[in-house]
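Right, one structure below, let's go through it.
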Amino acid sequence: MLEPCYLIKNNIIPLEELNRVFNESDSINAECDITFLCFDEAYQDVLSNTVPDTVIIDLGCGYAPQSYYFTEYEKYIGVDLPLRNNVKFKTDNSEFYLMSIQNFITNELPKLKLDLNHVVAICNYVPDKEAQQMVIDTFPRHYVYYPNMVNNISY
């Protein structure tokens, strides 16, 4: 029997939010289920190596269930290409940018005027090598992971 993913098993995402996203999204059922909402281990690693006064920027956030790991953090910013109807898991401290990682870093990040030493950027399971390198080059504190690459983690 398959185990529910950490976010569901530990009731981190409220049931009404799970129901909302799975009912409103026209594509999540093809990518996620109770056994998989996101790559839990990576987000747990970031969580255990950061503190709540950090801004989390999740580049390639998908539906953003992982935003629930960071509800006590200063802010969670999710960035991803638009989905069919753009349904996302949403926390009180989350905001989203529907665009490429490159566009966000080049055009939107400067407008936010963030102290990048106060930010941890996550680029997890994003196959775009240019985006991965941009994250590494832009953010002093980052978690960049993709299978079969030289992974780059700097807290």
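Between Y69 and V46, every side-chain heavy-atom pair lies at or beyond the 4.5 Å cut-off. When side chains are defined from C-beta on, L116 does not count as touching R141, because their heavy atoms never get closer than 4.5 Å. L114 places a side-chain heavy atom less than 4.5 Å from the side chain of L109. For the pair I101/V135, a side-chain contact is recorded, criterion being any heavy-atom separation below 4.5 Å from C-beta on. V21 is listed as a side-chain neighbour of E17, based on a closest heavy-atom distance under 4.5 Å.
Checked by atom type and distance alone, the side chain of Q66 pairs as donor or acceptor with a backbone atom of C61 at under 3.5 Å. Looking only at distances, a side-chain donor or acceptor of S48 sits under 3.5 Å from a matching main-chain atom of Q44. Proximity of a side-chain donor or acceptor of N23 to a complementary backbone N or O of N19 within less than 3.5 Å is detected. Between the side chain of D45 and the main chain of E41, no donor-acceptor pair closer than 3.5 Å is present. Using modelled atom types, no side-chain atom of H118 and backbone atom of D115 make a donor-acceptor pair closer than 3.5 Å. Of the possible donor and acceptor atoms, one in the side chain of N85 sits under 3.5 Å from a partner among the backbone N and O of E24. Within the 3.5 Å criterion, the main-chain N or O of I56 finds no donor-acceptor partner in the side chain of T54.
Expressed to the nearest 0.5 Å, how far CG of D80 lies from OH of Y63 amounts to 9.5 Å. Between I57 atom CD1 and C123 atom SG the span is 12.0 Å, to the nearest 0.5 Å. Here the CG-CG distance, from L59 to N124, works out to 11.0 Å after rounding to the nearest 0.5 Å.
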D128 vs Y146, side-chain hydrogen bond (donor to acceptor under 3.5 Å, both in side chains): CA-CA, chis, key distance, verdict: CA-CA 9 Å; D128 183 331; Y146 193 74; over 6 Å; no
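In summary, the side chains of Y97 and N103 do not present any donor paired with an acceptor at a separation below 3.5 Å, with no hydrogens or angles considered. Counting only N and O atoms by type, the side chains of Y73 and D53 include no donor and acceptor under 3.5 Å apart.
Relative ring orientation between F22 and F89 is described as perpendicular, the plane-to-plane angle rising above 60° on a 0-90° scale split at 30° and 60°. A parallel orientation is assigned to the rings of F70 and Y76, their planes being inclined by less than 30° (bins at 30° and 60°). Using bins of under 30°, 30° to 60° and over 60° for the plane-to-plane angle, the ring pair Y145/Y143 lands in the tilted bin.
In this structure, Y68 and I12 approach most closely via the heavy-atom pair CD2-O, 3.5 Å. Closest heavy-atom contact between D33 and I8: O-CD1, 4.4 Å. Nearest heavy atom pair, residue G60 against residue V126, reads CA-CG2, 3.9 Å. A pairwise comparison of heavy atoms in L7 and P65 identifies CD1-O, 3.9 Å as the closest pair. Residues T138 and M134 come closest through the heavy atom pair OG1-O, 2.7 Å. Of all heavy-atom pairs between T91 and N93, the closest is OG1-OD1, 2.7 Å.
Counting heavy atoms of neighbouring residues, nucleotides and ligands inside a 6.0 Å radius, atom CG of N29 exceeds 12 of them. More than 12 heavy-atom neighbours from other residues, nucleotides or ligands sit within 6.0 angstrom of NZ on K90. Heavy-atom contacts from other residues, nucleotides or ligands closer than 6.0 Å to CD of E72 number 12 or fewer.
Residues F39 and L81 are members of separate hydrophobic clusters, defined by side-chain heavy-atom contacts under 4.5 angstrom among Ile, Leu, Val, Met, Phe, Trp and Tyr.
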